[in-house]
2 protein chains.
Amino acid sequence: MQETDDRPLITGEHRELLDQLLDKWSLHVLDQLCEHGALRFNALRRLIPVITQKSLTATLRRLERNGMVERVVVSDRPVAVEYRIAPVGQGLQDLIDALLIWTTAHLPEVERARTRFDAAHDG
Amino acid sequence: MQETDDRPLITGEHRELLDQLLDKWSLHVLDQLCEHGALRFNALRRLIPVITQKSLTATLRRLERNGMVERVVVSDRPVAVEYRIAPVGQGLQDLIDALLIWTTAHLPEVERARTRFDAAHDG
DNA sequence: CCGCATCCTGCACGATACTG
DNA sequence: CAGTATCGTGCAGGATGCGG
């Protein structure tokens with residue numbers, strides 16, 4: 001509760017960027033790319049089976065545009081494309097990991113809170 | 001790129017929770033509550049002018065259900081309700097701060113990446 | 001193999017009006 | 001003051017098919 005006051009302000013820029021980097025699929029893609037270093041398009045699809053091809057394309061484009069991921073054309077005929085995590089993307093990955101670790105640690109607590117809330121608000 | 005292998009797996013539970021805690025408005029609400037400790041409903045509205053009353057209600061309910069925020073009825077006639085950040089919510093705030101700090105630090109780099117990308121993809 | 005184009009649907013969110 | 005109720009809508013995202 002005490003004022004630290006050096007907390008960064010939340011601007012539209014922040015939200016916009018975070019929205020692009022923490023969207024529905026980016027976590028999964030960054031996670032897989034960090035774990036494997038480099039992956040082909042269909043390899044990613046196999047590793048994240050629930051993702052739609054359209055969504056995977058969109059996610060990769062967005063991450064690429066923001067500099068989190070590098071797209072490398074390996075060869076033509078047959079076309080082969082590799083996606084690699086960019087250095088700045090690894091920093092982001094650390095933050096995502098922190099979020100996941102926090103989530104994992106507090107899931108039970110949250111679960112209890114939900115049960116309490118739902119009970120208090122009738123059912 | 002090296003395998004740490006102790007990276008937490010991303011499950012549906014993780015996504016669901018993060019979706020609820022990092023949604024469009026939660027950051028702002030948590031931020032304000034952390035900064036001020038406790039706030040009334042309309043005080044929050046004034047501090048986050050762009051938020052709709054409906055969205056603020058929904059956000060507070062969601063945060064409350066997940067145990068991040070505590071709702072305290074201070075008095076009746078006139079009705080007064082205070083929202084306070086819960087202890088577990090402060091932990092989350094630290095993570096959000098980390099995200100904002102990272103974002104602030106890397107915004108220029110991201111901006112350059114975008115310009116490069118947009119240029120490369122015609123215009 | 002790596003995508004883009006199209007159609008379709010749900011739902012998140014805003015606007016507005018009303019209540020204890 | 002602190003909400004609930006209802007309606008309208010934009011758009012993210014799934015399903016499907018085609019193209020280099």
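Order of the sequence lines fixes the chain letters, A, B, ..., with proteins taken first and strands second; residue numbering starts at 1 for each chain. Values reported hereafter were calculated over all heavy atoms of this structure, with side chains retained and with hydrogens, waters and symmetry mates removed. As the structure is a computational prediction, the values presented were derived from the model and not from experiment.
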Practice problem: Please work out whether the ring planes of His106(B) and Trp102(B) are parallel, tilted or perpendicular, with thresholds of 30° and 60°. | Solution: tilted

Quiz item: Want to settle it: does Val79(A) or Ala58(A) sit nearer the 5' end of DNA chain C, counting the closest nucleotide to each?
Solution: Val79(A)

Practice problem: With the side chain of Thr52(A) defined as its heavy atoms from C-beta on, choose the nearest nucleotide among dA2(D), dC2(C), dG14(D). | Solution: dG14(D)

Practice problem: Starting from P on dA12(D), measure out to CG on Leu22(A) and report it in whole angstrom. | Solution: 16 Å

Quiz item: Are OP1 or OP2 of dG3(C) and a side-chain N or O of Tyr83(A) less than 4.0 angstrom apart?
Solution: yes

Quiz item: Atom CD of Gln20(B) and atom P of dC11(C): how far apart are they, to the nearest Å?
Solution: 14 Å

Quiz item: Which whole-number value in Å describes the distance from Asp19(A) CG to dA12(C) P?
Solution: 15 Å

Quiz item: Atom CG of Leu44(B) and atom P of dG3(D): how far apart are they, to the nearest Å?
Solution: 11 Å

Quiz item: Passes side-chain hydrogen bond (donor to acceptor under 3.5 Å, both in side chains), Thr57(A) versus Gln53(A)? Steps please.
Solution: CA-CA 6 Å; Thr57(A) 303; Gln53(A) 178 273 340; 3.2 Å; yes

Exercise. Give the rounded distance in Å between these two atoms: NE2 of His28(B) and P of dC13(C).
Key: 12 Å

Quiz item: Base, sugar-phosphate, or nothing: which does Lys54(A) touch, judged by heavy atoms less than 4.0 Å apart?
Solution: base

Self-check item: Sugar-phosphate only, base, or nothing, as touched by Arg71(A) at under 4.0 Å among non-hydrogen atoms
Solution: sugar-phosphate

Quiz item: Side-chain N or O of Arg61(A) less than 4.0 angstrom from OP1 or OP2 on dC4(C)?
Solution: yes

Practice problem: Using the rule that two of Ile, Leu, Val, Met, Phe, Trp, Tyr join whenever any of their side-chain heavy atoms come within less than 4.5 Å, decide whether Leu22(B) and Val50(B) are in one cluster. | Solution: yes

Quiz item: Is the shortest side-chain N to carboxylate O distance from Arg114(B) to Glu16(A) below 4.0 Å?
Solution: yes

Quiz item: In terms of the nearest nucleotide of DNA chain D, which residue is placed more toward the 5' end: Arg40(B) or Ile51(A)?
Solution: Arg40(B)

Practice problem: Look at the side chain of Gln53(A) against the base of dC4(C) and say whether a donor-acceptor pair falls under 3.5 Å; ignore hydrogens and angles. | Solution: yes

Quiz item: Just how far, in rounded Å, is P of dG3(D) from CG of Leu56(B)?
Solution: 9 Å

Exercise. Starting from P on dG3(C), measure out to CG on Asp76(A) and report it in whole angstrom.
Key: 12 Å

Quiz item: Between dC2(C) atom C1' and Arg46(A) atom CZ, what is the distance in whole Å?
Solution: 12 Å

Quiz item: From the list dG3(C), dG13(D), dC13(C), which nucleotide is the closest neighbour of the side chain of Lys24(B)?
Solution: dC13(C)

Quiz item: Of all the choices, dA2(D), dG3(C), dG14(D), which nucleotide is nearest to the side chain of Val81(B) once you look at every atom?
Solution: dA2(D)

Exercise. Show your reasoning for whether side chain to side chain contact (heavy atoms under 4.5 Å, CB included) applies to Val72(A) and Tyr83(A).
Key: CA-CA 6 Å; Val72(A) 184; Tyr83(A) 291 93; over 6 Å; no

Quiz item: Which nucleotide in the set dC1(D), dG3(C), dG14(D) lies at the smallest distance from any side-chain heavy atom of Asn42(B)?
Solution: dC1(D)

Exercise. May I ask you to evaluate whether Ser55(B) reaches the phosphate of dA12(C), defined as a side-chain N or O under 4.0 Å from OP1 or OP2?
Key: no

Quiz item: With a 4.5 Å limit on heavy-atom distance, are the side chains of Ile51(A) and Trp25(A) in contact?
Solution: yes

Quiz item: Distance check: side-chain N/O of Thr57(B) vs OP1/OP2 of dA2(D), anything under 4.0 Å?
Solution: no

